[in-house]
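To start, the structure itself, in structure tokens.
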Amino acid sequence: MAQLKVRIQRGDGMAEYGVAARENQTVLDVVTEIQREQQPDLAYRFACRVGMCGSCAMEVNGVARWTCRTHVRKVAEDGTLTLRPLANLPVIRDLATDMTPFFDKWARARGQFQPKDAPNGAVPAEFAVVPPSSPKRQEADAGIECIGCGVCYASCDVVSWNPDYLGPAAMNRAWTLVNDVRDGGRRERLDAVAGDAGCHSCHSTQGCTERCPKNLDPSSAIAGLKRSIFWGVLAR
Amino acid sequence: MRGQVHLWAAQRVSAVFLAVAVFVHLATIMLAVRGGLSAAEIVARLRGAEGWLAFYAVFALAAGIHGAIGMRNIAGEWLGWRGRGFDALWLGIGLLTAGFGIRAAWGLYHA
Ligand code: SF4
Ligand code: SF4
Ligand code: FES
């Protein structure tokens, strides 16, 4: 059976493994096989294996990807896979990164839903009716399927230049909530995402949009934030 | 934060003005040169022309603002030059740039 060459970043060096190349195998399958058969102390992360949890992202041949939904066949170059931990995040060990800064930024961008009619977190008595065809609902729907994988964050140059930069996912979340008519935190949220560490540093290069495995468009979400803040500042 | 938003807005607004102004500037140069005007004739026309003085003063100001904010952003990203001290530096460079331009326009007005 043909062999697949797999290079994995471990600490400062690269370790090399050989794995049988199969007709159907994902990058995550390969990593799991190496961990089970050859390198029991290899650190990596996964949970759902079906593209829902967002925990399995790694850099595969230089490109950040969700490894459970990435077929080796489509990404191997000359029968070789080179795996590294996601860029722009501290490494815990091997392929496992510390996602804390990533999610702290969601909090900084006010990514929590703040119900308008239930400020203390009480459950509103009635369901809100938000017509699916309304433009704001459609804007919100466009960004809602984020799985928090960090692929966009690892692919954004501005994050690598400015460690304070909120990054695409947190601002995509903020834009989703800005368009949620049930939410009451619009003003504070727009303030939180404004400025050099926020949407105004985005270069609109769309690396995030290009790489997002869920086909979301954080770049346009950030443009929406810039627009809202621009007209908001003029109106103040 | 609010200040940074204003910088961003100032850069976009100055860009819109510059897009028009650069066009007017270049078109005027080409028309003047093709029309066979000599340097002396051009200087004579600019003397006492309030309209051109105002145009070039605003042009220089917009260029100073736009350039300095752009340099501030690039230096922040590439060299890590951030903070109040650097902001003051860019403000100075922007005003200096604008000042040179305005002085030139003023000189032609008074020539
Ligand atoms: S569009 Fe903005 S957020 Fe997305 S990768 Fe480019 S700079 Fe980063
Ligand atoms: S926006 Fe896309 S790439 Fe970024 S964290 Fe969400 S799902 Fe992942
Ligand atoms: S393991 Fe859950 S998204 Fe890949």
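In this text the structure is predicted, and so the values were computed from the model without any measurement. In what follows, chains are A, B, ... by sequence order, proteins preceding strands, each numbered from 1.
Around CD of A:Glu210, the count of heavy atoms belonging to other residues, nucleotides or ligands within 6.0 Å does not exceed 12. The number of heavy atoms from other shown groups lying within 6.0 Å of CZ (B:Arg45) does not exceed 12. Summarising the local packing, CD of A:Glu145 is surrounded by 12 or fewer heavy atoms from other residues, nucleotides or ligands at distances under 6.0 Å. A:Phe103 CZ: more than 12 foreign heavy atoms inside a 6.0 Å radius.
Contact check for B:Arg12 versus A:Phe230: no side-chain heavy atoms found under the 4.5 Å cut-off. Counting heavy atoms from C-beta on, the side chains of B:Arg82 and A:Asp196 never come closer than 4.5 Å.
Between B:Val5 and A:Ala194 the shortest heavy-atom distance is CG2-CB, 3.5 Å.
Side-chain N/O atoms of B:Gln11 and A:His200 include no donor and acceptor closer than 3.5 Å.
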